Novice: 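Mind looking over this structure? Questions follow.
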Amino acid sequence: MVNWINDQDGLDCGGKKVKVRLIYRDSESKLELAQSITEALITQDKVHFLLSPYGSDLALGVSPIAEKYGVIMAVVGAASNRIFQQGFKYVIGVAAPASQYMVPVLDMIVKKDPSVKKVAILYRDSEFNRQVAEGAKAYAEKLGLQVAVYEVYPSSPNDSTPQILKVKLAAPDVIIVASHFADASWPFSNWQNKKLTRKSSRCQ
């Protein structure tokens with residue numbers, strides 16, 4: 001993409017064409033390292049524009065640094081509402097906030113199957129997934145649905161039995177799981193093994 005932009009004589013910035021140079025560092029998904037890298041990119045590499053690290057926890061953690069130095073940071077791969085609730089002027093995003101992720105899913109469910117009454121919501125213990133779950137719960141209740149299970153699970157799940165039993169006991173019509181890629185498969189494989197058959201929606 002950088003080569004393509006520069007082949008077109010660069011970005012159009014107020015009528016002036018500016019060539020682009022991409023500088024990137026690996027944060028290893030560690031917050032303190034991401035914060036250190038962000039500050040170094042601004043103060044040492046003198047970047048004019050930032051792309052946020054992946055994940056709401058990291059993006060939330062580095063956003064005050066972009067704001068402190070007055071460098072625009074586009075939030076990509078992160079959608080926690082809290083990122084955009086700090087009153088910052090230099091932190092921008094174009095994706096839907098995490099709390100809205102399940103709104104169209106729930107709208108579709110009740111439209112396709114008006115008999116749906118009961119929902120179970122499981123979410124990973126992380127910033128993004130917590131926001132997805134909170135938004136899903138609020139909207140489900142707004143639609144008049146009963147949220148029979150609202151349960152957090154550890155960020156590194158080893159045993160899903162407690163969550164499975166709660167969902168099985170509640171017998172929901174719909175199961176919504178807010179998860180990340182690494183752990184997205186564990187609830188479904190376990191539910192299948194325990195012969196719990198329900199409709200489910202997953203967010204990543």
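Everything quoted here is computed from the prediction, not taken from an experiment. Counting begins at 1 with the first residue of the sequence.
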Novice: Taking all non-hydrogen atoms of both residues into account, name the closest pair between I83 and A59 and its distance.
Specialist: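 Shortest heavy-atom separation between I83 and A59 comes out as CD1-CB, 3.8 Å.
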Novice: Should L143 and V105 be counted in the same cluster of Ile, Leu, Val, Met, Phe, Trp and Tyr side chains packed under 4.5 Å apart?
Specialist: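 Yes, same cluster.
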Novice: Between E67 and K89, is there a donor-acceptor pair closer than 3.5 Å when you use the side chain of the first and the backbone of the second?
Specialist: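 Checked: pair present.
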Novice: How many angstroms lie between atom CZ of R25 and atom CG of L41, to the nearest 0.5 angstrom?
Specialist: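 The CG atom of L41 is 5.5 Å from CZ of R25, to the nearest 0.5 Å.
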Novice: Has D9 got a side-chain atom pairing as donor or acceptor with K17's backbone, closer than 3.5 angstrom?
Specialist: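 No; zero donor-acceptor contacts below 3.5 Å.
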Novice: Output the distance between atom CD (Q44) and atom CD1 (I23), rounded to the nearest 0.5 Å.
Specialist: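 So the CD of Q44 and the CD1 of I23 are separated by 11.0 Å.
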Novice: Please find the pair of heavy atoms, one from S99 and one from N81, that lie closest to each other, and give the distance.
Specialist: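 For S99 versus N81, the nearest heavy atoms are OG-ND2, 2.7 Å.
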Novice: Take L51 and M73, measure what side chain to side chain contact (heavy atoms under 4.5 Å, CB included) needs, and give me the verdict at the end.
Specialist: CA-CA 5 Å; L51 299 176; M73 182 178 79; over 6 Å; no
Novice: What are the two closest heavy atoms between V149 and K166, and how far apart are they?
Specialist: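 For V149 and K166, the tightest heavy-atom pair comes out as CG2-O, 3.6 Å.
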Novice: Distance check, rounded to the nearest 0.5 Å: C13 atom SG versus H48 atom NE2?
Specialist: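 Atom-to-atom, C13:SG and H48:NE2 are 10.0 Å apart.
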Novice: Specify whether F128 and Y101 have parallel, tilted or perpendicular ring planes, treating 30° as the upper limit for parallel and 60° as the lower limit for perpendicular.
Specialist: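 Perpendicular: the ring planes of F128 and Y101 meet at over 60°.
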Novice: Is any side-chain heavy atom of L122 closer than 4.5 Å to one of I176?
Specialist: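 Of all side-chain heavy-atom pairs linking L122 with I176, none is under 4.5 Å.
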Novice: Working to the nearest 0.5 Å, report the span between CG of L11 and CZ of F49.
Specialist: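 CZ of F49 is found 9.5 Å from CG of L11.
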Novice: Got a second to check how far M108's CE is from L106's CG, nearest 0.5 Å?
Specialist: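 Answer rounded to 0.5 Å: 9.0 Å.
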Novice: Do Y139 and L145 pass the side chain to side chain contact (heavy atoms under 4.5 Å, CB included) test, and can you show the C-alpha distance, the side-chain angles, and the key distance before you say yes or no?
Specialist: CA-CA 9 Å; Y139 195 67; L145 301 175; over 6 Å; no
Novice: Set out, in order, the CA-CA distance, both residues' side-chain angles and the distance that settles side chain to side chain contact (heavy atoms under 4.5 Å, CB included) for Q146 and K117, then state yes or no.
Specialist: CA-CA 6 Å; Q146 177 191 354; K117 301 298 181 186; over 6 Å; no
Novice: Which heavy atom in S27 sits nearest to a heavy atom in L33, and how many Å separate them?
Specialist: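 Looking at all heavy atoms of both residues, the closest pair is O-CD2, 3.2 Å.
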Novice: Would you indicate whether the side-chain heavy atoms of P64 and Q86 approach each other to under 4.5 Å?
Specialist: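 They are in contact (side-chain heavy atoms under 4.5 Å apart), so the answer is yes.
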Novice: Could you check Q35 against L31 for side chain to side chain contact (heavy atoms under 4.5 Å, CB included), going step by step and ending with a plain yes or no?
Specialist: CA-CA 6 Å; Q35 292 171 327; L31 178 55; 3.8 Å; yes
Novice: Under the side chain to side chain donor-acceptor pair (under 3.5 Å) rule, what do E127 and S80 come out as? Steps first, then yes or no, please.
Specialist: CA-CA 7 Å; E127 177 67 27; S80 169; 2.5 Å; yes
Novice: Measure across Y153 and A178 and return the closest heavy-atom pair with its distance rounded to 0.1 Å.
Specialist: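 Between these two residues, the closest heavy atoms are OH-O, 3.8 Å.
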Novice: Which heavy-atom pair separates A140 from V147 by the least distance, and what is that distance?
Specialist: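 Shortest heavy-atom separation between A140 and V147 comes out as CB-CG2, 4.0 Å.
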Novice: Quick one: does S52's side chain get under 4.5 Å of L58's, heavy atoms only?
Specialist: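 When only atoms from C-beta onward are counted, L58 and S52 do not touch, as no gap falls below 4.5 Å.
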Novice: If hydrophobic clusters are built by linking Ile, Leu, Val, Met, Phe, Trp and Tyr wherever their side-chain heavy atoms come under 4.5 Å apart, do Y24 and I5 end up in the same one?
Specialist: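 The answer is yes; both residues are in one hydrophobic cluster.
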Novice: Does some side-chain heavy atom of D57 sit less than 4.5 Å from a side-chain heavy atom of S126?
Specialist: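 In contact.
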Novice: With a 4.5 Å cut-off on side-chain heavy atoms, are I121 and E151 touching?
Specialist: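 The answer is no; the side chains never approach within 4.5 Å.
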Novice: Would you say that more than 12 heavy atoms from the other residues, nucleotides or ligands in this model lie under 6.0 Å from the NZ of K19, or not?
Specialist: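 For K19, atom NZ is crowded (more than 12 foreign heavy atoms under 6.0 Å).
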Novice: Report yes if some heavy atom in the side chain of K118 is under 4.5 Å from a heavy atom in the side chain of V174; otherwise report no.
Specialist: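 No, their side chains stay 4.5 Å or more apart.
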Novice: Would you check, one step at a time, whether the test ring pair (Phe, Tyr, Trp, His ring centres under 6.0 Å) holds for Y90 with Y69?
Specialist: CA-CA 9 Å; Y90 293 92; Y69 289 99; over 10 Å; no
Novice: Pair E32, K30 - check salt bridge (charged side-chain N to carboxylate O under 4.0 Å, His left out), show working.
Specialist: CA-CA 6 Å; E32 289 186 3; K30 298 175 181 176; over 6 Å; no
Novice: Are any of the side-chain heavy atoms of Y123 and K137 separated by less than 4.5 Å?
Specialist: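 Heavy-atom side-chain distance check fails, nothing below 4.5 Å.
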Novice: Would you confirm whether T43, through its side chain, and E39, through its main-chain N or O, come within 3.5 Å as a donor-acceptor pair?
Specialist: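 Indeed, once roles are kept as given, a pair shorter than 3.5 Å links the two residues.
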Novice: Would you say D45's side chain and V47's backbone share a donor-acceptor pair under 3.5 angstrom?
Specialist: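 Between the backbone of V47 and the side chain of D45 there is no qualifying donor-acceptor contact (under 3.5 Å).
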Novice: According to a hydrophobic-cluster definition based on side-chain heavy atoms being under 4.5 Å apart (Ile, Leu, Val, Met, Phe, Trp, Tyr only), do I92 and V94 belong together?
Specialist: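 Looking at the clustering, V94 is in a separate group from I92.
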Novice: Rounded to the nearest 0.5 Å, what separates atom CD1 in I72 from atom CG in L50?
Specialist: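 The distance works out to 10.0 Å.
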Novice: Find out whether D26 and I37 are in side-chain contact, i.e. whether some heavy atom of one side chain is under 4.5 Å from a heavy atom of the other.
Specialist: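 A side-chain contact is absent here, since even the closest heavy-atom pair is not under 4.5 Å.
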